[in-house]
Number of protein chains: 2
Amino acid sequence: MNDTFKALSDPTRRKILQLLKEKDMSAGDIADQFNISKPSISHHLNILKQARLVQDERQGQNIIYSINLTVMQEAMGWFLGMIGTKGESTHDE
Amino acid sequence: MNDTFKALSDPTRRKILQLLKEKDMSAGDIADQFNISKPSISHHLNILKQARLVQDERQGQNIIYSINLTVMQEAMGWFLGMIGTKGESTHDE
DNA sequence: TTGATATTTAGATAATCATCTAAATCTTAT
DNA sequence: ATAAGATTTAGATGATTATCTAAATATCAA
């Protein structure tokens, strides 16, 4: 969960996720959307990958990235737990 | 929104929010829950405050912190937007 | 196999961040 | 007014991070 939030804390990485929400994209196509070097984007993609927020698959010369909505939902679960009735305990009592 | 995610990226700050979800607490009582100096906790509280994730109010010698669920809900809205049907565009077309 | 394209890895650097101690501020009680 | 308690501010330090350029790896095409 910490990796997830750390990964989401950078605006470039959040924008990458928003791009991948629309459609799967190659690393190069993703990099073209930013004024940042390709190695830096590769680094961001790696952080997203370690957090399992994205998956990658090689297709010929390209590596295609796609979003992992399952992990996104898990993160949203954290918010749901927080927004539950104020003062409500996590465990039954 | 960036301030929000930045604020949420630290585990100590997330734990503070979980404490405040249960009940409002003074800065000192919050600090007692961690093996971290009071000034450091004060710093974390300030970051949460700038992100408007918490509010504070002085009560005598103490300063009482409370969670701001509205901002939490806004952050969750970002996730809802992400989890919408894959490939679905934000604007109508 | 050689060359071109796509992507990552390595290594360096400047900026940001979490943390600490010491000192300052604010409030209450004597 | 002074002392005590609660909290924050100031300033410093070590760790993490985002970024870059240069070099390495992998795939495809000729």
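Sequence lines set the chain letters: A, B, ... in the order given, protein chains first and strands last, and positions in each chain run from 1. Note that this is a predicted model, so its numbers are computed, not measured.
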When you compare the side chain of A:Arg52 with that of A:Gln50, does any pair of heavy atoms fall below 4.5 Å? no
How close or far is atom C1' of C:dT8 from atom CG of A:Leu45, stated in whole angstroms? 11 Å
Tell me what A:His44 touches on the nucleic acid: a base, only sugar-phosphate, or nothing, going by heavy atoms under 4.0 Å. sugar-phosphate
Polar atoms only, N or O, under 3.5 Å: list the protein pairs with nucleotides 22-30 of chain C and their distances.
residue	atom	partner	partner atom	Å
C:dT27	O2	B:Gln61	NE2	3.4

Any chance you could measure B:His43, atom NE2, to B:Leu45, atom CG, to the nearest 0.5 Å? 10.5 Å
Does a side-chain N or O of A:Asn62 approach OP1 or OP2 of D:dT27 to a distance below 4.0 Å, or not? no
C:dT8 phosphate, OP1 or OP2: any side-chain N/O from A:Tyr65 under 4.0 angstrom? yes
Send over the distance from B:Asn46 CG to C:dT19 C1', rounded to a whole Å. 15 Å
Rounded to the nearest Å, what distance is computed from the CD atom of residue A:Gln50 to the P atom of nucleotide D:dA18? 12 Å
Please confirm whether the shortest side-chain N or O distance from A:Ser40 to OP1 or OP2 of D:dC20 is below 4.0 Å. yes
Minimum-distance nucleotide to B:Lys6 side chain [options: C:dT19, C:dC17, D:dT8]: C:dC17
Contact residues, residues 10-19 of chain A to DNA chain D [heavy atom, < 4.0 Å]: A:Asp10, A:Arg13
From NE2 of A:His43 over to C1' of D:dT19, roughly how many Å is that when rounded to an integer? 9 Å
Take atom CD of A:Glu57 and atom C1' of C:dT7, then tell me their distance rounded to the nearest Å. 15 Å
Please find the pair of heavy atoms, one from A:Ser66 and one from A:Leu20, that lie closest to each other, and give the distance. C-CD1, 4.2 Å
Could you tell me how far apart A:Asp29 (CG) and C:dT5 (P) are, to the nearest whole angstrom? 16 Å
Report whether B:Ile47 and B:Val54 are members of the same hydrophobic cluster (ILVMFWY, side-chain heavy atoms less than 4.5 Å apart, transitive linking). no
Counting side-chain heavy atoms from CB outward, which of D:dT21, D:dT7, C:dT21 is closest to A:Ser37? D:dT21
Minimum side-chain heavy-atom gap A:Met76-B:Ile83 below 4.5 Å: yes
Would you mind reading off the distance between A:Ile63 atom CD1 and C:dT7 atom C1', rounded to a whole angstrom? 6 Å
Hey, does B:Lys49 reach any base, or is it just sugar-phosphate, or nothing, if we go heavy atoms under 4.0 Å? nothing
When the ring planes of B:Phe5 and B:Trp78 are compared, do they come out parallel, tilted or perpendicular, using 30° and 60° as the limits? perpendicular
Taking only N and O in the side chain of B:Ser42, is any of them less than 4.0 Å away from OP1 or OP2 of D:dT8? yes
Using the side-chain contact (heavy atoms from CB on, under 4.5 Å) rule, take A:Asp24 and A:Tyr65 through it: C-alpha gap first, then chi angles, then the decisive distance, then the call. CA-CA 6 Å; A:Asp24 298 353; A:Tyr65 282 84; over 6 Å; no
Rounding to a whole Å, what distance do you find between A:Ile36:CD1 and C:dT7:P? 16 Å
What's the separation between atom CG in A:Asn62 and atom CD1 in A:Ile64, rounded to the nearest 0.5 Å? 5.0 Å
So, does B:Ser26 get its side chain near the phosphate of D:dT7, meaning an N or O under 4.0 Å from OP1 or OP2? yes
Starting from the C-alpha separation in whole Å, work towards a yes-or-no answer on salt bridge (Lys or Arg N to Asp or Glu O under 4.0 Å) for B:Lys38 and B:Asp32. CA-CA 8 Å; B:Lys38 286 187 205 301; B:Asp32 287 343; 3.8 Å; yes
Determine whether B:Leu53 and B:Ile67 make a side-chain contact, defined as any pair of heavy atoms from C-beta on separated by less than 4.5 Å. no
